[in-house]
Amino acid sequence: MEIASQYNPKDHEKAIYASWEESGSFSPREGKPGKEPYCIMMPPPNVTGALHLGHAINNTLQDIQIRYHRMLGCKTLWQPGTDHAGIATQAVVEKNIFEKEGKTRHDLGREELVKRIWQWKEQYGGRILRQLRAMGCSCDWDNLRFTLDPVCAKAVRTTFLSMFKAGLIYRGKRLVNWDVKLQTSVSDDEVVYETVKSSLWHLKYQVEGSDEYLEVATTRPETFFGDTAVAVHPEDERYKHLIGKNVILPLVKRAIPIIGDALLVDREFGTGCVKVTPAHDPNDYLCGKRNKLPEINILNPDGTLNEVAGQFAGMDRLKARPLIVKALEESGDLIKTEAYTTQVGHSDRSKTPIEPYLSDQWFVVMADMAEAAMEAVRSGKIKFHPARFAKSYLDWLSEKRDWPISRQLWWGHRIPIWYVKGVGEDELKACFGDCGEVSWRRDEENGQWLLCSSIENFKPEEKLPQAEVRQEEDVLDTWFSSALWPHSTLGWPDKNERFETFYPNSVLITNRDIISLWVARMVMTAHFNTHNVPFRDVMIHVTILDGMGKRMSKSKGNGVDPEDIIAQYGADALRFSMTQMSSDTQDMRVPVQYKCPHCETLFPQTEKNMKAETLVCPSCKKNMATRWASEETQKKEGLALLTSAKFEIGRNFGNKIWNASRFAMQNLDASTPLYTLKELKAALEKGEISPLNADEEWIITRLEQTVSEVTAAIEGYRYHEYANKMYDFMWNEFCDWYLEAIKPVLRTEGEKKAGSQAVLATVLETALRLLHPMMPFETEAIYANLLAITGKKRPMLIVSDWPETAGNWCDEKRLAYVMRKYELISLGRSMRSAFSIGPGQKASFVLRPENAELESFLEGERETLTRFLTAGELTISCGFKPEGAMPCQVAPEVAIYLKLDGSVDIAAERKKVEKQLAEVTSYAASLEKKLGNESFTAHAPAEVIEKEKNKLAEANEKLAKLRDLFAMLKEA
RNA sequence: GGGCGUUUAGCUCAGUUGGUUAGAGCGCUACCCUUACAAGGUAGAAGUCACUGGUUCGAGUCCAGUAACGCCCACCA
């Protein structure tokens with residue numbers, strides 16, 4: 001069998017993924033007896049978005065758990081899906097239509113816009129799925145969900161109706177964050193504050209019937225049209241006497257009261273007088289409620305001033321501001337203007353300043369649901385990993401602020417509420433009284449009924465021809481449907497086997513920035529709908545940062561497409577590196593570089609160039625396109641892939657595994673059995689294969705330790721430990737020592753060779769299974785080769801069993817001797833290097849063990865010792881006495897000498913030994929001091945003291961050898 | 001302003017309940033195309049564990065404070 005000398009991912013990934021998929025391996029299959037079903041819901045990415053490395057780490061970690069549990073024999077489901085992401089998607093499509101056709105959504109109308117967004121979804125919605133497949137994600141594609149699916153929609157309507165019936169849904173006037181560009185409210189979470197250099201304008205408000213005036217400072221002078229009071233601190237001696245009087249607003253000459261409000265006013269800030277604009281400021285709004293002030297709205301939905309603003313009506317509020325200031329200045333009502341830096345809320349989506357705006361919105365009452373969600377974590381029914389993240393979850397929930405769920409968008413789940421006028425309750429009862437899927441409530445203020453229903457395509461007007469019926473225009477906040485994800489995707493509310501099997505889910509794996517937005521809400525709705533938790537564990541993983549320490553995100557422009565990395569290094573390299581980065585303390589910086597498609601020159605991604613569509617290569621000066629450019633431009637100019645040296649480690653490791661396996665393939669044949677560890681043990685005990693040599697006993701023991709450690713690491717979500725243990729085992733133990741050690745046996749013929757082949761096959765195959773969840777493509781490819789070369793027929797690795805240990809392969813002393821052997825080799829090589837003995841040049845060594853047992857062991861290892869040391873003559877003797885000066889290194893129980901042909905520079909040798917002597921002496925002294933310290937021996941635990949004593953004994957032993965050596969060098 | 005986290009080798013990061021002479025990968029130095037692998041091998045150099053105190057027989061690890069950085073939440077008329 002010809003095997004390439006480098007692992008080339010492109011030769012394997014597509015075909016292997018296809019064969020997994022075709023074999024149905026991604027679908028849940030019946031579990032082994034006693035194994036609990038296992039289920040993870042993929043956090044649904046925005047359907048029209050593109051995944052970046054943040055998603056790559058998220059999905060890698062999920063796939064590891066899924067593949068591991070599948071191999072354990074659990075009935076396993078990884079539920080994939082995408083989110084309709086209301087505002088984000090609608091904004092993108094609207095922008096696109098406006099750029100191409102110059103039309104707004106109002107030109108198109110609701111139906112047409114929604115149609116266009118669906119088209120957009122069909123066209124671009126595939127990219128994420130392609131990316132997930134390229135990464136090797138083993139999701140149940142047959143049951144892909146979308147938050148606007150009929151299944152999910154039913155869950156949304158059902159939940160809404162239940163909440164409505166339970167009195168948890170209400171409609172109220174609230175000050176919302178209004179996005180004037182998208183003309184919708186956005187949640188607090190979608191508002192980002194930006195520092196803006198502005199001014200603080202001081203205005204003069206004349207006290208009615210007096211010469212006195214109040215000086216109020218504002219950053220938003222245009223809002224004075226909506227002022228309904230001026231507030232001062234009730235204890236403020238400067239203004240106390242004015243409370244109850246009126247001031248006259250400039251220009252419009254309207255009288256408003258002076259009120260005392262200790263909550264709103266900080267006496268120390270500014271002038272101590274605050275203009276109160278309840279309709280346009282959250283704090284003023286609350287103040288208005290406290291003091292029963294009227295609320296005057298000054299804005300139209302598009303951000304222009306309304307008729308209240310008199311001559312300024314119709315102007316955009318920001319454009320009007322300087323004109324208003326000018327008018328105030330001219331009327332003498334502007335006292336002064338000072339420079340002021342302030343934070344202004346901007347819409348995360350449209351990047352325009354947010355207006356606090358009074359409007360009708362729908363809300364969900366949070367109090368009880370939040371309490372239940374907190375209890376689920378406090379009681380330990382849900383566990384966070386790492387545990388500290390429970391705090392941010394609990395802190396957020398403890399505020400129990402009602403959830404505004406309406407959005408003035410067209411893309412999303414339309415709120416299932418109908419406004420009904422002109423009928424009495426008797427008529428409603430007659431029509432819907434028997435129907436559990438309809439409920440209603442009286443809205444006295446507006447003289448109408450609020451009718452709520454979970455029926456699909458509900459048309460109450462057909463049953464109530466006499467009534468005036470209007471459906472609510474708003475849609476639900478995207479998070480409303482995402483919040484149902486753990487149960488809606490399983491077909492809830494319909495009773496079904498899938499839900500019964502996989503609910504609650506096993507674990508949620510996600511990023512910490514959506515703990516409040518999403519995790520908390522899932523727990524709340526789960527409790528409300530299913531009286532259960534949605535999942536048992538929440539695993540929060542690291543955040544991927546760019547080279548400048550900024551979180552990777554699409555909108556920032558610093559996101560790296562996983563397919564860029566896959567194209568250059570392969571999916572397994574991406575996955576390995578991601579796994580290795582996934583510790584639970586620090587976020588991970590990934591410095592990113594562009595790679596010129598023409599000359600392969602690398603140059604760093606910077607703040608400046610990260611959003612550019614085209615770039616010029618600093619080396620070859622040719623143009624290139626980035627992922628921001630259109631597909632045509634990418635084709636024409638060549639695409640500059642983003643890359644990072646971070647992934648080289650994964651590629652190099654993959655190549656190492658590949659070559660180690662290649663070596664194995666070259667030395668195995670159709671006669672080689674393919675045992676599990678337990679079967680190998682049984683075969684040994686029955687004498688079916690010849691006894692293991694020391695190196696084999698050692699590698700099997702190390703392998704079994706690795707099986708246990710790696711299993712525990714995955715179970716405990718300690719991914720970097722999983723990656724590092726596998727890396728160390730494969731590279732430093734399997735390749736560097738074991739494979740090198742067994743080479744001669746494999747070149748022989750006979751029983752011993754057959755035994756060694758069996759061991760090699762077992763170790764390799766077990767290692768492949770351990771690696772598979774993290775590096776599925778390559779391990780599957782190697783496994784296929786292994787089956788071919790040994791002539792076995794087995795199912796694919798993806799559905800193979802997770803390794804089990806057999807235990808007790810050899811005693812500890814023997815293991816220690818093997819380690820001693822490796823240590824001697826290292827020391828010997830070190831001396832070779834110190835004396836500039838070239839790699840091909842043979843050198844003579846003497847080993848002087850201190851007891852006959854070790855002597856006889858080393859004698860048995862003469863072949864490997866000779867070969868690893870490139871030794872000419874190798875003497876192993878307890879009674880060896882050096883004649884004259886010989887370079888020497890000491891290990892516990894044994895010393896190794898180098899015989900030099902030429903003369904030895906005795907002075908140099910003496911210096912070396914002297915240096916070592918000094919080091920070990922001070923080390924031993926510090927240990928002695930420690931052990932001589934009575935408080936240490938009194939306080940420290942016995943095992944620690946024992947350990948220190950052993951260290952001292954070893955140091956003293958080494959010291960004695962070094963002293964002998966030194967004395968000898970002196971004589972010579 | 002409140003909370004959470006981070007600061008360990010030139011870079012990116014590990015370091016389990018306090019108990020080693022503090023580790024890895026990349027990079028660096030020297031020598032090697034040795035028939036699995038140069039995406040490799042062998043041998044090396046490189047750290048005042050941010051700073052200041054404290055607790056302790058013993059601190060990279062625990063406590064307090066300081067500084068810098070990052071994230072989340074709240075909010076500045």
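Chain naming here is simple, since letters A, B, ... match the order of the sequence lines and numbering starts at 1 in each. Only a predicted model underlies this, so the values are computations on that prediction, with no experimental measurement involved.
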In whole Å, what separates the [atom1] atom of [N] from that of [M]?
N	M	atom1	answer
B:U12	B:G27	C1'	11 Å
B:G70	B:G60	P	28 Å
B:A59	B:U48	C1'	15 Å
B:C11	B:U16	P	22 Å
B:C72	B:G53	C1'	31 Å
B:G47	B:A14	C1'	15 Å
B:C75	B:G23	P	50 Å
B:A45	B:C26	C1'	16 Å

Between atom [atom1] in [X] and atom [atom2] in [N], what is the gap in whole Å?
X	N	atom1	atom2	result
A:Asp728	B:C13	CG	P	19 Å
A:Lys958	B:U20	NZ	C1'	13 Å
A:Lys949	B:U20	NZ	C1'	19 Å
A:Leu286	B:C75	CG	P	9 Å
A:Trp518	B:C73	CH2	C1'	21 Å
A:Asn8	B:A39	CG	C1'	12 Å
A:Met588	B:G5	CE	C1'	15 Å
A:Ile649	B:A39	CD1	P	16 Å

Classify the nucleic acid contact of [X] as base, sugar-phosphate or nothing, counting any heavy atom under 4.0 Å across all strands shown.
X	result
A:Ala940	base
A:Arg651	base
A:Asp587	sugar-phosphate
A:Gln666	sugar-phosphate
A:Trp201	nothing
A:Arg551	nothing
A:Lys656	base
A:Ser830	sugar-phosphate
A:Thr219	sugar-phosphate
A:Tyr727	sugar-phosphate
A:His720	sugar-phosphate
A:Glu954	nothing

Paired to B:U12 by Watson-Crick or G-U wobble criteria (both distances under 3.5 Å) is B:A24
With both distances under 3.5 angstrom, what nucleotide forms a Watson-Crick or G-U wobble pair with B:A59? none
A:Gln6 (side chain) and B:A38 (base): donor-acceptor pair under 3.5 Å: no
Examine the side chains of [X] and [Y] and answer whether a donor and an acceptor come within less than 3.5 Å of each other.
X	Y	result
A:His720	A:Gln580	no
A:Gln605	A:Asp546	no
A:Asp669	A:Gln757	yes
A:Thr643	A:Tyr569	yes

Nearest of [options] to any side-chain atom of [X]?
X	options	result
A:Trp731	B:U20, B:C13, B:G41	B:G41
A:Arg662	B:C37, B:C57, B:G3	B:C37
A:Lys951	B:C57, B:A36, B:U20	B:U20

Quick one: is [X] getting a side-chain N or O under 4.0 Å of the [N] phosphate, OP1 or OP2?
X	N	value
A:Asn652	B:G40	yes
A:Lys743	B:A36	yes
A:Ser583	B:A14	yes

Do the ring planes of A:Phe868 and A:Trp737 sit parallel (below 30°), tilted (30 to 60°) or perpendicular (above 60°)? parallel
CA sep, side-chain torsions, deciding dist, call: A:Trp658, A:Gln6, side chain to side chain contact (heavy atoms under 4.5 Å, CB included): CA-CA 7 Å; A:Trp658 182 257; A:Gln6 284 194 343; 5.7 Å; no
So do A:Phe224 and A:Leu249 actually touch side chain to side chain, heavy atoms under 4.5 Å? yes
Compute both the distance and the angle, then confirm whether A:Lys656 meets the cation-pi test with A:Tyr7: under 6.0 Å from the six-membered ring centre, within 45 degrees of the axis. no
